[in-house]
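The structure appears right after this line, and notes come after that.
Below, all heavy atoms of this structure are taken into account, side chains as well, without hydrogens, waters or symmetry copies. The structure presented is a predicted model; accordingly, all values stated were derived computationally and were not measured.
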Amino acid sequence: FVSLYRSIYQFALVIEIGLIHRSIKSVKISVESRFDILVNNAGMAPTGFVETEDGHESTWHANHLGPVLLTELLLPLIEKSDEGRIVMVSSGLHKLVMYARELARRLKERGSQITVNSLHPGSIKTKLGRNFGFHVIVIQTVGQFFMKSCKEGAQTTLYLALSTEVNGESGEYYADCKHAAESANAMDDEACKKLYDYSLRTVGLT
């Protein structure tokens, strides 16, 4: 399933929309045939309001707009794959779930074989909240005994990216390697469409 030409690109906490555009150009030059699997797993949690050079709030920019732009720009390469898969790792707010559902609907409507699914990895022992102050550090220290390891937290992502059990499934939401319930907003088709259109306008694709 994985292309003979393996290229791994990490777009972590991208600050400029233009940087993503330039990075995608290098991807298109480097990948000779196709892009089989795209996993979007960006995440940041600043302690206060930080504005990017593009004028966006940094968390919204890195956690939503960056993955959206990256996905849209890579679609031509993913469509060259026989079974292209897009996996969106989402927070509990489900904005990327909404984007994934609408993208899946549009791809299916035009006859594309690309599948798009989203997931929540669960509570994982990471350093994401390291800048939130002493009380959060205490909570994380206590909570680490109940949290997943990074390896455990990656299982649903790997499942959606590689398992034959989800062949052909698209527009679905998973947790712990099984179907899970989306939020009310994520189940609202009109809200998903509006967020999708707004996201593309914001990153300059429409």
Side-chain angles (χ1 to χ4, degrees), residues 7-28 31 35 37-79 84-107 112 114-121 124 126-129 131-132 157 160-161 170-174 182-206:
S7 298
I8 300 174
Y9 293 86
Q10 182 179 22
F11 295 84
L13 311 184
V14 176
I15 301 303
E16 295 180 68
I17 292 292
L19 178 58
I20 298 180
H21 281 279
R22 292 193 295 273
S23 298
I24 294 301
K25 287 182 180 179
S26 71
V27 171
K28 290 183 177 180
V31 180
F35 214 99
I37 304 168
L38 172 64
V39 175
N40 281 302
N41 187 24
M44 67 176 294
T47 55
F49 180 87
V50 178
E51 187 173 301
T52 69
E53 293 185 14
D54 298 295
H56 307 302
E57 191 277 323
S58 59
T59 308
W60 166 248
H61 184 114
N63 296 358
H64 182 79
L65 295 179
V68 167
L69 177 58
L70 178 62
T71 300
E72 295 291 330
L73 292 178
L74 283 176
L75 277 179
L77 283 175
I78 301 172
E79 292 205 285
R85 295 188 184 190
I86 298 171
V87 180
M88 312 295 288
V89 182
S90 176
S91 70
L93 295 177
H94 283 198
K95 298 302 182 186
L96 281 181
V97 180
M98 297 172 71
Y99 165 78
R101 286 191 70 240
E102 178 62 15
L103 176 59
R105 185 192 68 78
R106 295 187 184 207
L107 289 171
S112 174
I114 297 176
T115 60
V116 189
N117 292 295
S118 56
L119 68 109
H120 191 288
I124 305 172
T126 69
K127 295 181 180 180
L128 191 61
N131 297 319
F132 278 95
T157 301
L160 290 178
S170 193
E172 302 295 328
Y173 175 65
Y174 278 75
E182 298 97 327
S183 66
N185 281 339
M187 291 300 293
D188 185 331
D189 293 341
E190 185 60 26
C192 292
K193 180 180 183 301
K194 288 181 178 179
L195 177 64
Y196 183 95
D197 290 339
Y198 172 78
S199 300
L200 263 61
R201 287 198 305 272
T202 303
V203 297
L205 294 182
T206 59

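Between L103 and L75 the shortest side-chain heavy-atom distance falls below 4.5 Å. Counting heavy atoms from C-beta on, the side chains of T157 and N41 never come closer than 4.5 Å. Contact check for L96 versus S118: no side-chain heavy atoms found under the 4.5 Å cut-off. Taking 4.5 Å as the limit, every side-chain heavy atom of L160 sits out of range of all side-chain heavy atoms of R85.
Here the closest heavy-atom approach between residue H61 and residue P67 is recorded as O-CD, 4.4 Å. Nearest heavy atoms, L119 versus P121: CD1-N, 3.7 Å.
With sequence neighbours excluded, no residue forms a side chain to side chain donor-acceptor pair (under 3.5 Å) with N117. Qualifying side chain to side chain donor-acceptor pair (under 3.5 Å) partners for Y196, counting only residues two or more places apart in sequence or in other chains: E72. Partners of K193 by side chain to side chain contact (heavy atoms under 4.5 Å, CB included), not counting sequence neighbours, listed by chain and number: E102, R106, E190, D197. When the side chain to side chain contact (heavy atoms under 4.5 Å, CB included) test is applied to S170, the partners found at least two apart in sequence or on another chain are A104, T115, V116. In terms of the side chain to side chain donor-acceptor pair (under 3.5 Å) criterion, residue partners of S199 (sequence neighbours excluded) are, by chain and number, H64.
For N40 and T71, the side-chain atoms include at least one donor-acceptor pair closer than 3.5 Å.
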Can you check side-chain contact (heavy atoms from CB on, under 4.5 Å) on N185 and H94, steps first, answer last? CA-CA 8 Å; N185 281 339; H94 283 198; over 6 Å; no
Just do the side-chain contact (heavy atoms from CB on, under 4.5 Å) check on D189 and R101 with the steps written out, would you? CA-CA 8 Å; D189 293 341; R101 286 191 70 240; 3.1 Å; yes
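A distance of 9.0 Å separates CG in L74 from CG in L69, rounded to the nearest 0.5 Å. Atom OH of Y99 is separated from atom CG of L200 by 6.5 Å, given to the nearest 0.5 angstrom. Residue L38 holds its CG atom at 10.5 Å from CG of L77, rounded to the nearest 0.5 Å. Taken to the nearest 0.5 Å, the CG atom of D188 stands 12.0 Å off from the CD atom of E182.
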